Structures are given as structure tokens and as C-alpha cells.
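There's a structure below that I have some questions on.
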Amino acid sequence: MLELTNLSFQVHDEGRDKGILRGVTLTIPDREMVVVTGPNGGGKSTLARLIAGIETPTGGSIRFNGADITAASVTDRARMGIAFAFQQPVRFKGLRVLDLLRIAAGKRLDVSAACEYLSAVGLCAKDYIDREVNGSLSGGELKRIEIATVLARGAKLSIFDEPEAGIDLWSFQNLIQVFENLRRNIRDSAIMIISHQERILAVADRIIVIQDGAVLRQGPKDEILPTLIGTAAAVRACRQADQGGAQ
Amino acid sequence: MKQLDEIQLRLLREVADLHEVPEGAYNIRANGDSAGRASTSNIEIVPKQKVSGIDIHIKPGTKNESVHIPVVLTQSGLKETVYNDFYVGRNADVVIVAGCGIDNCGNQDAQHDGIHRFFLEPGAHVKYVEKHYGSGDGRGRRILNPVTEVHLEENSSMEMEMVQIKGVDDTERTTRAELKAGAKLAVRERLMTHEKQRAISVYTVSLNGAGSSADVVSRSVARDDSYQKFDSRILGNAPCQGHTECDSIIMDRGRILAVPGLEANDVDAALVHEAAIGKIAGEQLMKLMTLGLTEAEAEEQIINGFLK
Ligand SMILES: Nc1ncnc2c1ncn2[C@@H]1O[C@H](COP(=O)(O)OP(=O)(O)O)[C@@H](O)[C@H]1O
Ligand SMILES: [Mg+2]
């Protein structure tokens, strides 16, 4: 379970203080899949980076499974069970997809186990397992590898930042299945997905809307989703996906 | 083969991946003497008369054979210059594994300067692997100054893999190549320097024949107070293609000077250079840390991958 209390993140930009996050309080209990949505620039990625420890909050606290982790390092948080799929995946010259999956799994994953994670995100595993995670991969391929590494971690809290970005319509169906499976096998873990996609919002237990650095609304999916349909927060590309031929 | 001690055997494993006497032709040099030599029916190794070194004659058409010529030095104060000449016959296709390991626990410098010349006849292909390695905690330095000359006749080709990851205090590598029509040269250099080490690498590649090509790529890491210079010059004297690239990571107080040089003397010469030097990207460290590695472990993974 993740508990954020009055979490703030202020930066000094162009000679003045700017509140990127302004007192966010929310809880993501175990066995829940929460989708965070809201307009671009609202502070969603910043929230994820604060939870993973990449940025340090200027106020408030973060508790994870009962422990105060506000000052814990990125490595310690990862080892406590927080996994994070970046919005913009990172490229590495010389590291192969298999290497990255092995680092993520924290053990010497055998090739067939590694391939299962790639297949789950719709990549033909044997074509990718030995590829370098470098500029030769397309944005969509990198994005799916990024998601596969988080699956390989089997974490207590998995955070995905706009997993749909850069993924083509054919693979989108596949991505929905990834999250449906995660939801089904959630057990004592929790999942946070940052997304604008109606189809991903539809998998959520709960939806949190973040706007201008604060929680605008939060509640069960059935309550929040109807308020979002047709607004800028929910993009209906899934409709196109269906028409685009994904079965 | 002459009995080698434990340290010499360890050096042999480091530089030539040798765990026993190699198959095929070989010449093992230890502390200035031959510690073992074998020729095959296609590859003849003959010691030189006037200077130290060997001539290696590879018969035309020789395929799937290898030559190992490792050098190990464990005697502080020993300085040697060795001349090795390779004559590779028409259409032969062989692997040559060289390499030098120095263990210096004394207080005097130990130095090996290997002068290698390669003469490839038309259509010949050589894959050349050279590893340099140093160990030992004496105050004496471990010095290697290899000079390599490559002469490529029509349509011959050479791939060179040069690796120096650890323990060599001072190195000045000079490589000169001349290519005739249709010949190809590919160089992959991987280098890591530590402490106060200094590594200088100078390439001069002359593309003299129509359709010749060269690809000279260096990946390197300079740590601590070390210094590297990568000076790679390609001369296009005919319709040809040349590419040189230096991709480097600096850490601590490491310094790198990259001097890519191109000279086009023919209007159909197409020459490209790329050079990039920088520290490890923060987001790469961060990504691996979110996967549970410490910063030091993340650094190690990134560097190992980069130099692989
Ligand atoms: N370290 C920072 N310094 C200055 N501005 C920042 C910093 N981090 C984020 N921002 C700004 O904060 C706003 C929210 O960014 P972000 O969290 O990426 O929003 P979202 O993911 O909801 O689109 C953006 O305007 C962004 O430019
Ligand atoms: Mg974002």
C-alpha cells in the first residue's frame, strides 16, 4: 500500500517559485489498479518520479507498506518493491534486451522465461532478446521493452507512465490484455497507470484526476469515468483501434 | 612446451583465452624467449635471424586455421622490441590471435614493443584479435607500444579487434594501413584506462584503390586521472569509403582528446567522422537504479555493456 500525504514539489524556474505538485494526498491500497489521468502538464509524471525516488519532494511524505520512504534512495525503493516504467524509455549502447530483463528480474533469468515477458507485450521474443537497447529500436519497441522489464520485476507496486504512448493500434489491443492480466493476478500488489486511454481507464478499479498539480477528483471507476468521457482527459483512440482491425 | 609459472599461465588466459596449448600454429613468448612453437602444413612460423621476432607464412587458400602468438612478461626491468611479419597467401582466410600480458611486481619498468606487419595477398581475409593486459603491484610501469602495418592487396580484407581494459600504464599504439582496390579494413578498438594511465592511439589509413573501404571505430572509457588520445586519419586517394568513430565515456578526472582527421584527394572519396565524449547519462544510471541496482552497480553494467 502506498500513502502520499500532502506531497508537494516546488521548483525555482525563471526567477519565481512554481508549484508542480501542490499538496497531493492519496492512497493506493493493495489489490487495486489505479489509473491517474488529467491534462498534459498537470504533474502526473512528476508524481510518479517522486514515488520512485527520482525527484525529492519539497513537502509532505510518502509511506510504502507502513514504512516512511520519503528520504529513501531510488535503489532502496526498488528493492522494497517499487517498479517504474518511464514515459520516455532510456537507451543503452551495448546492453541487450536480455541483460535488461535479467537486471530487472534480479536473477539469472533463463532465455525462455525472458521471452515470456517479451511475448506478453507483443514482441516476437527471439527477434528481440539479443538486440541492443539502443537507437536501432523504434519508440514503440522501446516502450514495450520498458513495460516488459517492469513485468519481469514482479513488484509490489508497479507504476506505468503513459504505457500507450508510441504504441501502434495493432499492439494496443495487446497492451490492454497485459493490464487485464496484471489486474487479474494482482494478489497483494498494487498498480498505478498514468494514461489518457479510455480502454485503460476501463480496466481501473479507481481513477484519480490530477490537474494543475492537485487532485481534482478521485473515486471508483464507475463514478469518475462518466465524468471524463468526451473530455480532453480521455482519448478515444481505442475506438479507432477496433476499427483499425485489432481483433 | 616449456613449463610456464602460474602468473604466466594467468596472463595467457587473459590475453589469448588460452587454457592449454592452442590448436594450430602458435608461438608463445615468455620473458624474451620462445616458450613453445608449432607450425602446421599450411602455416609456417620461422624465427628471425638478426632481430627478435618471427615470420609467419600462410599458404594461399588456407581456410579455418588459426595462429596464436601471445607474449607474456613477468620480469621487472625487461624491455624488448619484437618484429613479427605475417605473409598471408592469396584467398587464405585465417584468425590471428596476438596479445601481450605484463605482470610487473618489481620497481623497474617492463616494456614490450611489438612491431607487426601484415602483407595480405589478393582475396585474403584475416581476423586479428589483440588484447593487452597488465597486472602486478610493483612501482615499475607496464608499457606497451605496438606498431602495426597493414598492407592490403586487391580485394583482401582485415578485421582488427584491439582490446586494452586493464593494467597497462602507458601505451602508444601506431597503426598504418594501405588499401588497394576493393580491399576492406575494419578496426574495433576497446579501451579502458585507470589511475594515471596514458593511452595514445594513432591510425593512418590510406585508401589508395578504387572501391576500398575502412571503418575505424573506438569505444573507450577514461577513469580516475587517466588520459587518452585517439587520432584517426583516413586519406581517400581514390573512389572509396571511409568512416571513423570515437565514442567515449569520461569519469572522475579522466581526459580524452579525439582528433578525427579526413583527407579527400579524390572527388569520389566519401569520408565520414563521428566523435562523442561525455559522462554516463544520468537517466541511464537512474533507470538501472529503479531496477534495484546501486549507483556503482549501474555504472559497472553500463560500462561493461559499452565496452563489450
Ligand atoms: N524539475 C522541473 N523543473 C521545472 N519544471 C518542471 C520540472 N519537472 C516538471 N516540470 C514542469 O511541471 C509540469 C508538470 O510536468 P509533468 O509532471 O511531466 O506533467 P504530466 O506528466 O502530467 O504531463 C510541466 O509543466 C513541466 O514542464
Ligand atoms: Mg507525463
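Convention: sequence-line order gives letters A, B, ...; per-chain numbering from 1. All values reported here derive from a predicted model rather than from experimental measurement.
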Exercise. For atom CZ of B:Arg176, is the number of surrounding heavy atoms from other residues, nucleotides or ligands below 6.0 Å larger than 12?
Worked result: no
Problem set entry | A:Arg91 backbone acceptor or donor facing B:Gln284 side chain under 3.5 Å | yes
Problem set entry | Contact class of B:Asp247 relative to chain A, heavy atoms under 4.5 angstrom | side chain
Problem set entry | Between CD on residue B:Glu283 and CZ on residue A:Phe92, distance to nearest 0.5 Å | 8.0 Å
Exercise. If you count the non-hydrogen atoms of other residues, nucleotides and ligands that lie under 6.0 Å from CD in B:Glu161, is the total more than 12?
Worked result: yes
Problem set entry | Main-chain N/O of B:Gly292 paired with A:Arg153 side-chain donor or acceptor, under 3.5 Å | no
For this session: Compare all side-chain heavy atoms of A:Leu95 with those of B:Phe306 and state whether any distance is below 4.5 angstrom.
Result: no
Seminar exercise, completed: Max heavy-atom pairs within cutoff under 4.5 Å with chain B, candidates A:Val90, A:Val150, A:Asn134, goes to A:Val90
Exercise. Crowded around A:Arg31 CZ? As in, over 12 foreign heavy atoms under 6.0 Å?
Worked result: no
Problem set entry | Spacing of CD belonging to B:Glu295 relative to OG belonging to A:Ser73, to within rounding of 0.5 Å | 10.0 Å
For this session: Report, as yes or no, whether the 6.0 Å neighbourhood of atom CZ on B:Arg233 holds more than 12 heavy atoms from other residues, nucleotides or ligands.
Result: no
Exercise. Only one of A:Thr75, A:Leu101, A:Ile103, A:Val74 forms a side chain to side chain contact (heavy atoms under 4.5 Å, CB included) with B:Leu291, so which one is it?
Worked result: A:Ile103
Exercise. If you count heavy-atom pairs under 4.5 Å between each of B:Thr294, B:Leu307, B:Asn304 and chain A, which one has the most?
Worked result: B:Thr294
Exercise. Heavy-atom distance under 4.5 Å to chain B: side chain of A:Leu100, backbone, both or neither?
Worked result: both
For this session: Measure the spacing between CG of B:Leu288 and CG of A:Asp99 and express it to the nearest 0.5 Å.
Result: 10.5 Å
Problem set entry | Enclosure of B:Lys63 NZ (heavy-atom neighbours >12, cutoff 6.0 Å) | yes
Seminar exercise, completed: Okay, B:Lys308 and chain A: the region with an atom under 4.5 Å from a heavy atom over there is side chain
Seminar exercise, completed: Here the pair of heavy atoms bringing B:Met289 nearest to A:Ala78 is O-CB, 3.5 Å
Problem set entry | Heavy-atom pairs under 4.5 Å with chain B, option from A:Gly94, A:Ala83, A:Ala52 with the top count | A:Gly94
For this session: State whether the number of non-hydrogen atoms from other residues, nucleotides or ligands found under 6.0 Å of B:Glu23 atom CD is greater than 12.
Result: no
Seminar exercise, completed: Turns out that what part of B:Glu297 lies under 4.5 Å from chain A's heavy atoms comes down to side chain
Exercise. Does a sphere of radius 6.0 Å around CZ in B:Arg13 hold more than 12 heavy atoms from other residues, nucleotides or ligands, not counting ones at 6.0 Å or beyond?
Worked result: yes
